[in-house]
2 protein chains.
Amino acid sequence: MDAPAAIALVRKTSLSSLVEAEVMRLILAGELDSGQQIKEVAIAARLGVGRSSVREALRALEAVGLVRIEKNRGAFVRVVSETEAREMYVVREQLEGLAGALLAARITDDEVRELREYVDELDYYLDPAEFQRYFPLNLKFHRRIFEMAGNGRLLDMYGRLTNELHTVRRNGLLRGGGLAVSNIEHRNIVDALAARDADGASAAMRAHVSAGGQRRRAQAPGDSGSEVA
Amino acid sequence: MDAPAAIALVRKTSLSSLVEAEVMRLILAGELDSGQQIKEVAIAARLGVGRSSVREALRALEAVGLVRIEKNRGAFVRVVSETEAREMYVVREQLEGLAGALLAARITDDEVRELREYVDELDYYLDPAEFQRYFPLNLKFHRRIFEMAGNGRLLDMYGRLTNELHTVRRNGLLRGGGLAVSNIEHRNIVDALAARDADGASAAMRAHVSAGGQRRRAQAPGDSGSEVA
DNA sequence: CTGCTGTCGATTGTCGACAAAGTCAATCCG
DNA sequence: CGGATTGACTTTGTCGACAATCGACAGCAG
């Protein structure tokens, strides 16, 4: 890293922010399993910082919903229950629908092109063996739509939901195995956006999320999950 | 407080949680103005706790969106800009619409009755002089709808938005002066809910929020605000 | 063998100390 | 006289110490 960048970084970011980012990375990367305890001293030693910074970071992550803190027991990687996952999908469906509608009204030709590229690239990774390529690109596709939609608040909320859902979402896509179907839905979304059809884009987004939720649910463990033949 | 309750309280809540709740109260109650700096030692002394607890609380409140933290400068009560407020209203409109639709599908007769009582009571407080009665009751009406909707996640998100919007919302209702109109909209909502009309309830909710946003905007300071005659 | 209880190591909760950065005003120089 | 400089004072950033609490395990009673 060059000096100016380093200086800017040090001036703006506190240690706890860095710890927060790092712990988040560990969780999202799966290095910290769902439900696993996060020991303050371990993180502190690993990153070479004091416990205070770690504690502050964990507090923030709790508010974001990535960890759960029990008094005198510690911090644990949050595990989302089946019912919570369903609730979140309902909300997500609504948010993605809104993003689609907003974006259809303002998308540029360049942006349409960018989204199409993602979808085309995703087509190369439909094989389950390529999942570690498909998954992040899929995330990026959705995230870009929210970024392009131009509503910071909406993007923020989506980010939170995404963080909390990441485990469940990965498993759903992977085991549900509907990668090809999923990408067809992506194409429908882009088509509606390209046509500047707000209602169509909104509907396509909602349908996609809803279908994803059902794909996931078909694989979900118990909890009144409908047994699909 | 009786002993069992006290024990349960001590066992579950940490000092920083209490500090967090208290600072939140101070902000929502307006005792800490928008933009005002929150000094750690002042809060610590006032509540008789150490700085660590205060810092943790502030971190959490930052993640919730109630305060903004600048490195080496301190924590400030968050001030929402005009454009942010608009973005949030767009999102809120969508969330309230979802809550209405969900609730219409599951509302009980008792709940319909409860909501009607709120609306009836609100009618008594239409005079601007009674605003300090109208405002909290109005909040409760909306909050109860989300609670009844039965989606914890949705309720959670709504709570966050509400916290951040509280200032702007209070001013909007107060200065916009549309209390009577607002309550007519409330009645439309309850009617649609009572009829178990999901689409109607959703539309009524969205219309209400949208109208509220416009009432607010008509009063908003500058920032390309349309001058209404 | 089962269940209870006391004890111990591990982990978190809270605090204040010290260092670093920012703020502000009096002062100095052009 | 105006703007830069310096220096005291305030406020935050980070750390480790100490206390409180938890969970596990051993030992004992029945």
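Lettering follows sequence order; numbering is per chain, from 1.
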For [X] and [N], give me the distance from atom [atom1] to atom [atom2], rounded to whole Å.
{"X": "B/Lys71", "N": "C/dT23", "atom1": "NZ", "atom2": "P", "result": "14 Å"}
{"X": "A/Arg51", "N": "D/dG13", "atom1": "CZ", "atom2": "P", "result": "19 Å"}
{"X": "A/Leu15", "N": "D/dT12", "atom1": "CG", "atom2": "P", "result": "17 Å"}
{"X": "B/Arg59", "N": "D/dG13", "atom1": "CZ", "atom2": "C1'", "result": "10 Å"}
{"X": "A/Arg73", "N": "D/dC22", "atom1": "CZ", "atom2": "C1'", "result": "8 Å"}
{"X": "A/Asn72", "N": "D/dA24", "atom1": "CG", "atom2": "C1'", "result": "17 Å"}
{"X": "B/Lys39", "N": "D/dT10", "atom1": "NZ", "atom2": "C1'", "result": "8 Å"}
{"X": "A/Glu56", "N": "C/dT12", "atom1": "CD", "atom2": "P", "result": "16 Å"}

Considering every strand and a 4.0 Å limit on heavy-atom distances, what is the contact class for B/Ile38: base, sugar-phosphate, or nothing?
sugar-phosphate
Once you apply a heavy-atom cut-off of 4.0 Å, does B/Ser52 come out as touching a base, just sugar-phosphate, or nothing?
base
C/dT12, D/dG13, D/dT14: which one has an atom nearest the side-chain heavy atoms of B/Glu40?
D/dG13
Which residue in the set A/Glu87, A/Glu164, A/Glu93 passes salt bridge (Lys or Arg N to Asp or Glu O under 4.0 Å) when paired with B/Arg153?
A/Glu164
Where each residue is assigned the nucleotide of DNA chain D containing its nearest heavy atom, which of B/Val41 and A/Val49 is assigned the position nearer the 5′ end?
B/Val41
Run the numbers on A/Ile145 and A/Met205 for side chain to side chain contact (heavy atoms under 4.5 Å, CB included), then give the verdict.
CA-CA 10 Å; A/Ile145 288 179; A/Met205 291 285 278; 3.7 Å; yes
[X] vs [N]: side-chain N/O to OP1/OP2 distance below 4.0 Å:
{"X": "B/Ser14", "N": "C/dT12", "value": "no"}
{"X": "B/Gln37", "N": "D/dT10", "value": "no"}
{"X": "A/Ser53", "N": "D/dG13", "value": "no"}

Only one of B/Leu61, B/Ile27, B/Leu28 passes side-chain contact (heavy atoms from CB on, under 4.5 Å) with B/Asn163, and that residue is B/Leu28
For the pair A/Ile38 and A/Ile43, evaluate side chain to side chain contact (heavy atoms under 4.5 Å, CB included) and give the outcome as yes or no after the intermediate values.
CA-CA 8 Å; A/Ile38 306 174; A/Ile43 300 289; 3.7 Å; yes
Do B/Arg143 and B/Phe146 meet the cation-pi criteria used here (NZ or CZ under 6.0 Å from the six-membered ring centre, within 45° of the axis)?
no
